[in-house]
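Here's the structure, in structure tokens; my notes come after.
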Amino acid sequence: MMKMKLVKTLLLLLCVKLFCYAVIGAPQTCPANNEDKCGDSDEWKGEFFPDIPKIKYEGPSSKNVLSFKWYNAEEEILGKKMKDWLRFSVAFWHTFRGTGADPFGAPTKYWPWEDGTNSLNMAKRRMRANFEFISKLGVDFWCFHDRDIAPDGKTLEESNANLDEVVALAQELQTKAKKRVLWGTAQLFMHPRYMHGAATSSELKVYAYAAAQVKKAIEVTHYLGGENYVFWGGREGYQSLLNTDMERELNHLARFFEAAVAYKKKIGFNGTFLIEPKPQEPTKHQYDWDAATSANFLRKYGLTGEFKLNIECNHATLSGHSCHHELETARINGLLGNIDANTGDPQVGWDTDQFLVDIQEATLIMLSVIRNGGLAPGGFNFDAKLRRESTDVEDLFIAHIVGMDTLARGLRNAAKLIEDGSLAELVRKRYQSFDTEIGAQIEAGKADFELLEKKVKEWGEPKVASAKQVTQNIKFL
């Protein structure tokens, strides 16, 4: 009896010992809430969105807020998969660096993985959260500013080293997740050194610093396989012309772009360079005011073969245009490269960066995209942020789902309009008077004023047909 008890005791001790070895040998994990700070380790294993499943297409009748109603990635529309028409990208700066702060209030968003610092370890944790997010959302691309993914250092060398460390992790994570960089850029507007601009600064040393920062940002975008690189001139403009040499500043900006093109070719970066127009804010007047202004700048300095435009819908409305107008202006000039998918509030006069939810606007946007043959190597990046009052982690997913569904529904509507043909026919009929011999002469530049005067005398007073104005009456299904 005693012998049996001794055997049981030994077996129990052995099991306890084996259990301890198993626990010690098992990979240690960190909870995403970071309560015990173990996330300071590079070996972060925690799940950042444990309660969010992979988002799936469930169709228009679904009541599940964490599902797509209109975006079905593999479905073909007009000969292309929806994911290839739309090429969605998550913007790191708004999604993972947005705090909910505004000019009148402090931050409202405190994500569970944040520790209140801007350390390298915190930057790596955000990067891991980024790839879990885009993987669950089912998006193929992401985009970034250099200073949003890695902390600024006390020197350029330190900043570059920080960036290299985070980018090395990003490369590892995106390879594992099979994701790609839609575009990268340098943040040349927040630091006090850029208060007078970067490439248009009145200070030579600031110009040089901006060049060095852009050089590094192009390098890391190239290293990550980025398909584009964006220049947003947030402070490339003026507050007053009284103390500004506009011509000199524009010449400096052109020289900056020329140097960027030369360096891009030197390192073998084949991505597209994009300029993002914006009329004002933070400067009173920015030099890339709208698509037409930017196109004129590129032509003047012989850069049209090296750049395209990144059109942001909210910037379009700030410049007094619709997003559709800006897209068409870029398209007909051969410059439509990428779209920042967002919108503004007609009752608010600044750049609110809201997620696009207007079906009619989305339909018109997609008409331009289809006419352009798509956006590749560009795409749609969600340069949009949660509202100040939306503070749940789940809201990050819901906002992107709604934005993706809105553009997907716009794509479906645009395809129906094209397949139906009635809109194209209406436009054709409106200009059919030019589908004549004299019309062909005018369009070929062969009709002089004497000929046209002679024709007017033959025809008499013109009869002007109705335009059949339908802009506000198209039925979007």
Side-chain angles (χ1 to χ4, degrees), residues 93 144-164 167 183-223 228-267 269 271 273-289 293-307 309-310:
W93 56 96
F144 65 92
H145 294 80
D146 53 357
R147 296 298 181 257
D148 292 331
I149 63 172
D152 209 351
K154 293 179 181 178
T155 64
L156 179 65
E157 293 86 351
E158 187 179 329
S159 296
N160 288 348
N162 290 344
L163 188 57
D164 284 338
V167 165
W183 54 259
T185 188
Q187 191 191 79
L188 304 178
F189 49 90
M190 286 191 69
H191 197 283
R193 79 173 69 90
Y194 296 127
M195 66 179 180
H196 300 312
T200 60
S201 175
S202 53
E203 298 293 332
L204 182 148
K205 290 181 180 179
V206 173
Y207 181 100
Y209 200 105
Q213 189 175 335
V214 168
K215 172 181 176 291
K216 183 63 177 178
I218 293 172
E219 289 170 358
V220 299
T221 302
H222 180 38
Y223 174 75
N228 306 270
Y229 182 90
V230 169
F231 293 86
W232 179 59
R235 296 189 187 276
E236 310 293 21
Y238 62 81
Q239 300 292 2
S240 170
L241 281 176
L242 294 177
N243 65 350
T244 301
D245 186 335
M246 184 195 291
E247 183 177 16
R248 197 170 191 182
E249 290 193 0
L250 285 168
N251 288 339
H252 289 174
L253 183 60
R255 301 291 90 81
F256 193 94
F257 286 155
E258 289 168 358
V261 169
Y263 190 67
K264 163 190 167 177
K265 293 178 179 178
K266 181 177 181 179
I267 65 173
F269 176 48
F273 274 175
L274 300 165
I275 292 176
E276 181 175 325
K278 187 178 183 182
Q280 74 277 316
E281 192 202 58
T283 53
K284 177 181 178 180
H285 183 108
Q286 287 167 210
Y287 292 134
D288 50 5
W289 180 275
T293 305
S294 300
N296 182 63
F297 172 88
L298 292 173
R299 282 200 185 91
K300 177 180 178 181
Y301 292 102
L303 292 167
T304 51
E306 304 292 350
F307 286 81
L309 300 182
N310 179 51

Atom of [X], atom of [Y] and distance for their closest heavy-atom approach:
X	Y	answer
D152	R147	OD1-NE, 3.2 Å
S159	G153	OG-N, 2.7 Å
E281	W232	O-CZ2, 4.4 Å
Y194	A210	OH-CA, 3.6 Å
R235	T283	CA-CG2, 3.7 Å
A186	Y229	N-OH, 3.2 Å

Kindly write out the residues that satisfy side-chain contact (heavy atoms from CB on, under 4.5 Å) with [X], not counting sequence neighbours, or none if the list is empty.
X	value
H145	W93, D148, T185, Q187, F189
A254	F297, Y301
V167	I149, L163, V220, Y223, L224
N162	L120, A150, P151, E158

Aromatic plane relationship, F257 with F307 - under 30° parallel, 30 to 60° tilted, over 60° perpendicular: tilted
Euclidean distance, [Y] [atom2] relative to [X] [atom1], rounded to 0.5 Å:
X	Y	atom1	atom2	answer
Q280	H285	CD	NE2	9.0 Å
L250	K300	CG	NZ	6.5 Å
Q286	T293	CD	OG1	11.5 Å
I218	I267	CD1	CD1	6.5 Å
D164	N160	CG	CG	6.5 Å
D288	L253	CG	CG	8.0 Å

S240 side chain near K284 side chain, heavy-atom distance below 4.5 Å: no
D146 side chain reached by Q213 side chain, heavy atoms, under 4.5 Å: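 The answer is yes; the side chains approach within 4.5 Å.
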Pairs touching residues 241-254 that satisfy salt bridge (charged side-chain N to carboxylate O under 4.0 Å, His left out), sequence neighbours left out: none
Atom pairs and distances, side-chain donor-acceptor, residues 258-265, under 3.5 Å, sequence neighbours left out:
unit_1	atom_1	unit_2	atom_2	d
E258	OE1	R255	NE	2.8
E258	OE2	R255	NH2	2.9
Y263	OH	E219	OE2	2.4
K264	NZ	G271	O	2.7
K265	NZ	E306	OE2	3.0

M246, CE atom: more than 12 neighbouring heavy atoms under 6.0 Å: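 Above 12, so yes.
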Test log, rule side-chain contact (heavy atoms from CB on, under 4.5 Å), inputs F231 and V214: CA-CA 9 Å; F231 293 86; V214 168; 4.0 Å; yes
Side-chain donor or acceptor of S201 paired with backbone N/O of E203 under 3.5 Å: yes
Under 3.5 Å: donor-acceptor pair, side chain of E236, backbone of A199: yes
Steps toward side-chain contact (heavy atoms from CB on, under 4.5 Å) verdict (T221, F144): CA-CA 9 Å; T221 302; F144 65 92; 3.8 Å; yes
